[in-house]
Amino acid sequence: MTPLLFHKYQGLGNDYLVCHRSVAEQLSNEQIRLLCHRHYGIGSDGLLIDSGHAVAPTLRIINPDASEAEKSGNGLRIYARYLFDCGRVGHQSFLVHTAGGDVRCRVEEDKHQVRVDMGRANFNPAALPALIDLPEALNFPLPLANETLAVSLVSMGNPYCVVPVASLDLAQVHRLGPQIENHPLFPNRTNVQLVEVVDRHTLRIGIWERGAGYTMVSGSSSCAAASVMRKLGRVEDRVNVNMPGGQLQISFGDDFQVGMRGPVHKIASLTLDIDSFLGGAELFKGASPTA
């Protein structure tokens, strides 16, 4: 049995556990949910699984509910820093394979800052997927139980529903997030961002993540929100995105190629005791994985 070794990192309070695939292969979905739980496990916003490939690093991203995400901006920054700490990459740019597409990363001279080129923002609803037969869905009327919202859809390799608001209220994120995440228009569910435009270089956002719930920070959510606001002509090519956990810098190249820059810090390396899974499942039943 391979020791259950994990490395914990955080980027602006969005924390992930990183492990080699040989460790992940020993875990059931229920054990992953326990592992990510704040009370019954180590606690994490998700699990990053490293392929271990020396030449072509491949990343799998598992949500706290054990569902799989295609791409994560903070997860990619953390994985890049993990590869740097392992000595598998230096300060040069390198490619990471994800289910949401290939991504180019670079750990800066200050290793606490990582840049990720997230690829092109795709505004076609079919890319999410969303059951909307239009080439784009910008300011699209989305009916909910008691209201209809004007939303805009974008894929960064995974699905996003962006909701502009005049003033950001985090209580609204908790109220609207679950309704939109599980809306029948999104057969694979969706991530949700409420966005306030402060000025042409500054956004404030609140985040509800598919499979994780309310989240203080999300890199790919920042990219999605900034991309929609850029598409709508409300911000410029360089945008600071402010979240409860901190700020990320988003920039745009040609054809909506999106770059993201932000911090990563290592918390610990630790070996999980198998005792954590004994009896934990009974305690875990009915509890939220991130409560």
Side-chain angles (χ1 to χ4, degrees), residues 1-90 94-103 105 107 111-112 114 116 157-158 209-213 215 217-220 262-278 280-281 284 289-290:
M1 177 178 174
T2 303
L4 299 177
L5 176 64
F6 296 89
H7 308 273
K8 188 168 184 179
Y9 290 80
Q10 61 90 7
L12 297 176
N14 193 199
D15 60 337
Y16 279 90
L17 293 165
V18 190
C19 71
H20 189 270
R21 72 172 186 277
S22 61
V23 173
E25 287 166 355
Q26 300 177 62
L27 302 176
S28 67
N29 285 348
E30 183 179 72
Q31 288 172 331
I32 289 173
R33 290 193 292 270
L34 282 166
L35 176 71
C36 294
H37 200 281
R38 300 292 176 187
H39 301 299
Y40 303 142
I42 298 172
S44 175
D45 288 320
L47 178 64
L48 306 178
I49 303 174
D50 170 33
S51 67
H53 198 288
V55 178
T58 300
L59 173 64
R60 288 183 63 206
I61 304 160
I62 310 299
N63 293 317
D65 68 354
S67 63
E68 188 158 356
E70 299 88 346
K71 191 186 284 186
S72 163
N74 278 342
L76 279 158
R77 291 204 327 279
I78 285 170
Y79 183 58
R81 169 66 191 279
Y82 161 80
L83 293 174
F84 179 85
D85 289 345
C86 292
R88 287 162 57 188
V89 303
F94 61 94
L95 205 63
V96 173
H97 303 292
T98 76
D102 292 349
V103 176
C105 304
V107 179
K111 67 179 182 180
H112 302 104
V114 179
V116 176
N158 47 351
E209 281 199 339
R210 177 185 58 168
T215 305
V217 174
S218 168
S220 46
V264 176
H265 297 272
K266 185 169 185 179
I267 299 172
S269 294
L270 63 163
T271 302
L272 187 70
D273 194 307
I274 198 67
D275 190 57
S276 64
F277 297 136
L278 301 180
F284 180 67
T290 55

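This is a predicted model, so every value here is computed, not measured.
In this structure the side chain of Phe277 reaches within 4.5 angstrom of the side chain of Leu27, judged on heavy atoms. When side chains are defined from C-beta on, Phe6 does not count as touching Ser44, because their heavy atoms never get closer than 4.5 Å. Residues Asp85 and Tyr9 have side chains in contact (heavy-atom distance under 4.5 Å, counting atoms from C-beta outward). Using a 4.5 Å heavy-atom cutoff, the side chains of Asp102 and Val96 are not in contact.
Nearest heavy-atom pair, Ile49 versus Ala24, reported as atom, atom and distance to 0.1 Å: CD1-CB, 3.5 Å. Of all heavy-atom pairs spanning Glu209 and Ser218, the tightest one is OE2-OG, 3.1 Å. For the residue pair Ala80 and Phe94, the shortest heavy atom distance occurs at CB-CZ, 3.6 Å. Across Pro57 and Tyr79, no two heavy atoms sit closer than the pair CB-OH, 3.5 Å. Minimum heavy-atom separation, Pro64 to Ala212: CD-CB, 3.8 Å. Closest non-hydrogen pair, Ser72 versus Ser220, comes out as CA-OG, 3.9 Å.
Interatomic distance, Ile61 CD1 to Glu68 CD, rounded to the nearest 0.5 Å: 8.0 Å. Taking SG from Cys19 and CG from Leu5, the interatomic distance works out to 9.0 Å, rounded to the nearest 0.5 Å. The CZ atom of Arg81 sits 10.5 Å away from atom SG of Cys86, with the distance rounded to the nearest 0.5 Å. Atoms NE2 and CG, on His265 and Leu12 in that order, are 7.5 Å from each other to the nearest 0.5 Å.
Considering only residues two or more places apart in sequence or on other chains, His20 meets the side-chain contact (heavy atoms from CB on, under 4.5 Å) condition with Ser22, Asp50. Partners of Asp15 according to the side-chain contact (heavy atoms from CB on, under 4.5 Å) rule, which considers only residues two or more places apart in sequence or in another chain, are Lys8, Gln10, Arg38, Asp45.
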Practice problem: Go through the steps to decide whether Ile274 and Leu4 satisfy the test side chain to side chain contact (heavy atoms under 4.5 Å, CB included), and finish with yes or no. | Solution: CA-CA 8 Å; Ile274 198 67; Leu4 299 177; 4.2 Å; yes
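Side-chain N or O atoms of Arg88 include none that pairs as donor or acceptor with a backbone N or O of Tyr82 at under 3.5 Å. The closest donor-acceptor contact from the side chain of Asn158 to the backbone of Glu70 lies at 3.5 Å or more, if one exists at all. A donor-acceptor contact shorter than 3.5 Å is absent between the side chain of Asn63 and the backbone of Asp65. Checking side-chain atoms of Arg77 against main-chain N and O of Pro263 turns up a donor-acceptor pair under 3.5 Å.
Remark: of the listed residues Ile267, Leu272, Leu34, Leu272 is the sole one forming a side chain to side chain contact (heavy atoms under 4.5 Å, CB included) with Ile42. Screening Asn29, Leu17, Leu47 for a side chain to side chain contact (heavy atoms under 4.5 Å, CB included) involving Ile62 leaves a single residue, Leu47.
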